[in-house]
Number of protein chains: 2
Amino acid sequence: MKNLPDKTVERLSQYRRSLNNQLTKGKTNIFSHELAHLLHITPVQVRRDIMLIGYSGTLRKGYDIKEMINLIGKIIDTDEGQRIAVIGMGNLGKAFIHYLHEKGSKLRIVASFDVNPDKTNKTYAGVHCYHFDRMAEIVKKEEITIGIITTPPEVAPQIADKLVKAGINGILNYTPKLLSVPDEVYLEEYDMITSLEKVAYFVKHRD
Amino acid sequence: MKNLPDKTVERLSQYRRSLNNQLTKGKTNIFSHELAHLLHITPVQVRRDIMLIGYSGTLRKGYDIKEMINLIGKIIDTDEGQRIAVIGMGNLGKAFIHYLHEKGSKLRIVASFDVNPDKTNKTYAGVHCYHFDRMAEIVKKEEITIGIITTPPEVAPQIADKLVKAGINGILNYTPKLLSVPDEVYLEEYDMITSLEKVAYFVKHRD
DNA sequence: TATTCCCTGTTAAAAATTTAACAATAATGC
DNA sequence: GCATTATTGTTAAATTTTTAACAGGGAATA
Ligand SMILES: NC(=O)c1ccc[n+]([C@@H]2O[C@H](COP(=O)([O-])OP(=O)(O)OC[C@H]3O[C@@H](n4cnc5c(N)ncnc54)[C@H](O)[C@@H]3O)[C@@H](O)[C@H]2O)c1
Ligand SMILES: NC(=O)c1ccc[n+]([C@@H]2O[C@H](COP(=O)([O-])OP(=O)(O)OC[C@H]3O[C@@H](n4cnc5c(N)ncnc54)[C@H](O)[C@@H]3O)[C@@H](O)[C@H]2O)c1
């Protein structure tokens with residue numbers, strides 16, 4: 001399948017979460033306008049996204065929820081899934097692991113790293129924490145493709161460098177320090193303060 | 001000033017963080033291409049954003065870092081600042097308060113709420129935690145305009161409703177449950193899983 | 001003082017994303 | 001069975017966002 005637009009990928013993730021939610025409520029089918037309402041977007045956009053991933057609903061019945069969940073899974077998780085590491089087992093790192101635990105996704109956190117002896121050689125929500133010195137070794141052995149950085153910001157650049165050298169393909173950076181990686185590594189950065197400041201701005205400047 | 005584009009507002013927040021960073025390194029001026037490099041964007045975009053906020057650099061010297069920080073502060077924080085509450089003092093809520101503490105921003109967290117007696121009537125990083133029953137009262141007294149929701153997802157909708165009734169103007173929702181609020185309330189939602197799944201997708205589908 | 005160079009500010013073009021419009025058609029009601 | 005209704009799929013238009021192009025103009029050089 002051709003590459004999907006950035007924004008469509010983000011929405012697919014949200015569609016899936018909403019669809020799973022509907023499934024637990026006993027719903028088996030859903031209309032574009034229902035899904036749109038849940039995500040605060042327009043029904044057209046839902047239909048367009050669904051068109052882009054090559055799925056089709058049935059007229060007057062809408063979309064089959066299970067089928068859509070499966071298809072989105074194939075697209076995002078891929079059939080083989082991916083293996084993930086968290087670097088920095090502080091508040092955020094631990095919270096993340098607990099949050100992802102038990103989601104039953106094919107994206108699995110299989111290792112974590114820290115340098116603090118209080119953190120290393122322990123297991124958090126089923127994820128073992130190694131000393132960061134062993135990172136390259138474990139990344140290879142465990143076939144890890146994605147690293148999530150939740151260390152203090154100062155060390156984030158060197159962590160990123162080492163992850164790249166170890167052969168990782170994607171980095172999700174939660175420190176406020178903006179990173180630089182080679183083109184072939186996909187980098188996503190998120191800072192809570194930006195979200196908060198965005199709300200602050202639009203609260204004061206909304207029409 | 002006319003309303004700025006969504007994306008520009010997000011970047012302003014990042015500009016400011018990067019500029020503060022440069023300031024501590026002793027830099028007083030910066031070129032568009034330098035700032036662009038830090039944010040992985042193009043110099044044109046930097047210049048355009050700066051044009052939109054009505055600031056001007058000097059030819060051959062670039063932009064005055066302090067002046068830009070001040071101006072961005074006026075735009076995002078506004079002169080009076082805003083007062084913020086966190087609802088749900090679990091892992092994420094506490095982490096957030098610690099993270100924002102000591103940033104010296106005009107956006108200040110002035111209260112937090114929980115229902116668990118283990119959490120209430122304590123102070124975390126200088127922020128008092130009240131029982132959620134007192135929320136409406138405190139929101140009025142403390143003139144709180146923004147609420148950050150970090151409760152379990154199940155209760156998020158009812159929390160949001162009550163925040164809206166209490167007269168809040170903006171909500172930042174970190175639970176994976178998508179919310180619905182009246183138009184006049186600005187809503188921003190963020191789910192870490194979406195970021196992770198986005199990385200997962202583009203790692204496998206990058207050209 | 002002329003010339004070159006570098007960097008800004010801005011308008012115009014391009015690209016990405018969203019929204020509108022509507023044809024097609026299965027189910028429903030009469 | 002025929003018209004009506006509801007809903008999808010898709011093309012085209014509109015909007016938003018990014019990128020390109022380039023005209024200034026101040027500093028440096030000579
Ligand atoms: N806590 C939040 O809500 C929040 C929000 C946004 C961003 N952040 C950012 O996320 C990051 C983590 O925040 P936190 O609250 O979890 O911090 P934290 O101090 O609790 O955790 C950081 C962890 O990284 C470990 N570490 C330090 N150096 C390391 C290294 N070289 N290699 C591996 N591990 C190392 C530390 O031992 C510690 O366990 C910070 O950059 C913070 O700015 C935090
Ligand atoms: N921890 C993460 O990394 C992470 C990441 C993304 C999203 N989230 C989401 O953020 C939210 C919080 O996560 P967490 O790990 O901090 O959970 P948590 O269980 O540690 O904290 C939740 C807190 O909310 C309080 N609470 C429960 N009901 C309440 C109510 N009605 N009013 C006020 N407070 C109430 C609880 O007492 C608890 O202190 C969850 O929705 C979670 O899914 C967490």
Side-chain angles (χ1 to χ4, degrees), chain A residues 1-15 19 22 27-65 67-68 71-72 183 186 188-189 194 198 201-202 205-207, chain B residues 1-15 19 22 27-65 67-68 71-72 183 188 194 198 201-202 205-207:
Chain A
M1 180 182 308
K2 61 269 146 205
N3 268 218
L4 299 168
D6 237 72
K7 293 297 176 68
T8 296
V9 173
E10 285 177 23
R11 282 191 298 266
L12 286 181
S13 170
Q14 298 185 301
Y15 291 147
L19 290 170
Q22 296 300 306
K27 239 167 142 21
T28 60
N29 288 81
I30 196 165
F31 296 129
S32 61
H33 67 262
E34 293 175 303
L35 202 42
H37 181 77
L38 293 168
L39 276 82
H40 319 309
I41 58 177
T42 64
V44 201
Q45 193 159 62
V46 172
R47 295 206 296 277
R48 217 176 178 295
D49 285 338
I50 289 173
M51 183 185 81
L52 289 176
I53 64 175
Y55 183 63
S56 286
T58 36
L59 216 46
R60 257 159 164 218
K61 274 205 187 157
Y63 305 95
D64 183 293
I65 294 182
E67 284 179 11
M68 265 194 76
L71 179 55
I72 294 175
D183 277 353
Y186 185 87
E188 173 86 13
E189 317 205 64
T194 295
K198 196 175 164 192
Y201 176 83
F202 283 109
H205 297 79
R206 73 190 183 286
D207 325 322
Chain B
M1 180 180 307
K2 60 273 148 204
N3 269 217
L4 298 169
D6 237 73
K7 294 298 175 68
T8 296
V9 173
E10 286 177 23
R11 282 190 298 267
L12 287 181
S13 171
Q14 298 185 301
Y15 291 148
L19 290 170
Q22 295 300 307
K27 238 169 141 26
T28 60
N29 288 81
I30 196 167
F31 295 130
S32 62
H33 66 262
E34 293 176 304
L35 202 41
H37 182 76
L38 293 169
L39 275 81
H40 318 311
I41 58 178
T42 65
V44 200
Q45 193 157 61
V46 172
R47 295 206 297 276
R48 215 173 182 294
D49 285 337
I50 289 173
M51 182 185 81
L52 289 176
I53 65 175
Y55 182 65
S56 286
T58 35
L59 218 44
R60 255 164 157 199
K61 273 204 188 158
Y63 305 95
D64 183 294
I65 294 182
E67 283 179 11
M68 264 194 79
L71 179 56
I72 295 175
D183 277 353
E188 173 87 13
T194 295
K198 195 174 164 192
Y201 175 83
F202 284 109
H205 296 79
R206 72 189 183 285
D207 326 321

Query - Below 4.0 Å: OP1/OP2 of D:dT8 and any side-chain N or O of A:Ser32 - result: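 It does, given that an N or O in the side chain of A:Ser32 lies less than 4.0 Å from OP1 or OP2 of D:dT8.
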Query raised in the report: For D:dG9, does OP1 or OP2 lie under 4.0 Å from any side-chain N or O of A:Ser56?
Result: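 So the side chain of A:Ser56 is within the cut-off, an N or O lying under 4.0 Å from OP1 or OP2 of D:dG9.
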Query - Candidate pair B:Val46 and B:Phe31, rule side-chain contact (heavy atoms from CB on, under 4.5 Å), full reasoning - result: CA-CA 9 Å; B:Val46 172; B:Phe31 295 130; over 6 Å; no
Query raised in the report: Backbone N or O of B:Ile50 within a donor-acceptor pair of the B:Tyr15 side chain at under 3.5 Å?
Result: no
Query raised in the report: How does protein contact run along nucleotides 16-25 of chain D, one letter per nucleotide 5' to 3', with B for base contact, S for sugar-phosphate only, - for none, heavy atoms under 4.0 Å?
Result: -SSBBB--BB
Whole angstroms only, please: what is the [atom1]-[atom2] distance between [X] and [N]?
{"X": "B:Ile30", "N": "C:dC7", "atom1": "CD1", "atom2": "C1'", "result": "14 Å"}
{"X": "B:Lys61", "N": "C:dT8", "atom1": "NZ", "atom2": "P", "result": "13 Å"}
{"X": "A:Ile50", "N": "D:dT10", "atom1": "CD1", "atom2": "P", "result": "12 Å"}
{"X": "A:Met51", "N": "D:dT11", "atom1": "CE", "atom2": "C1'", "result": "9 Å"}
{"X": "B:Asn29", "N": "C:dC7", "atom1": "CG", "atom2": "P", "result": "13 Å"}
{"X": "A:Leu35", "N": "D:dT7", "atom1": "CG", "atom2": "C1'", "result": "14 Å"}
{"X": "A:Ile53", "N": "D:dG9", "atom1": "CD1", "atom2": "C1'", "result": "13 Å"}
{"X": "A:His33", "N": "D:dT8", "atom1": "NE2", "atom2": "C1'", "result": "12 Å"}

Query raised in the report: What pairs of residues pass the side-chain hydrogen bond (donor to acceptor under 3.5 Å, both in side chains) test when at least one of them lies in residues 54-64 of chain B, not counting sequence neighbours?
Result: B:Tyr55-B:Glu67
Query raised in the report: Residues in salt bridge (charged side-chain N to carboxylate O under 4.0 Å, His left out) with B:Arg11, at least two apart?
Result: B:Asp49
Query raised in the report: What residues, two or more places apart in sequence or in another chain, satisfy salt bridge (charged side-chain N to carboxylate O under 4.0 Å, His left out) together with A:Lys27?
Result: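 Partners of A:Lys27 by the salt bridge (charged side-chain N to carboxylate O under 4.0 Å, His left out) criterion, ordered by chain and then number, come out as A:Glu34.
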Let me have the donor-acceptor pairs involving side chains of residues 36-43 of chain A, under 3.5 Å, with sequence neighbours excluded, atom names and distances please.
from    : atom 1 : to       : atom 2 : distance (Å)
A:His40 : NE2    : B:Leu179 : O      : 2.1
A:His40 : NE2    : B:Glu189 : OE2    : 3.2
A:Thr42 : OG1    : A:Gln45  : N      : 3.3

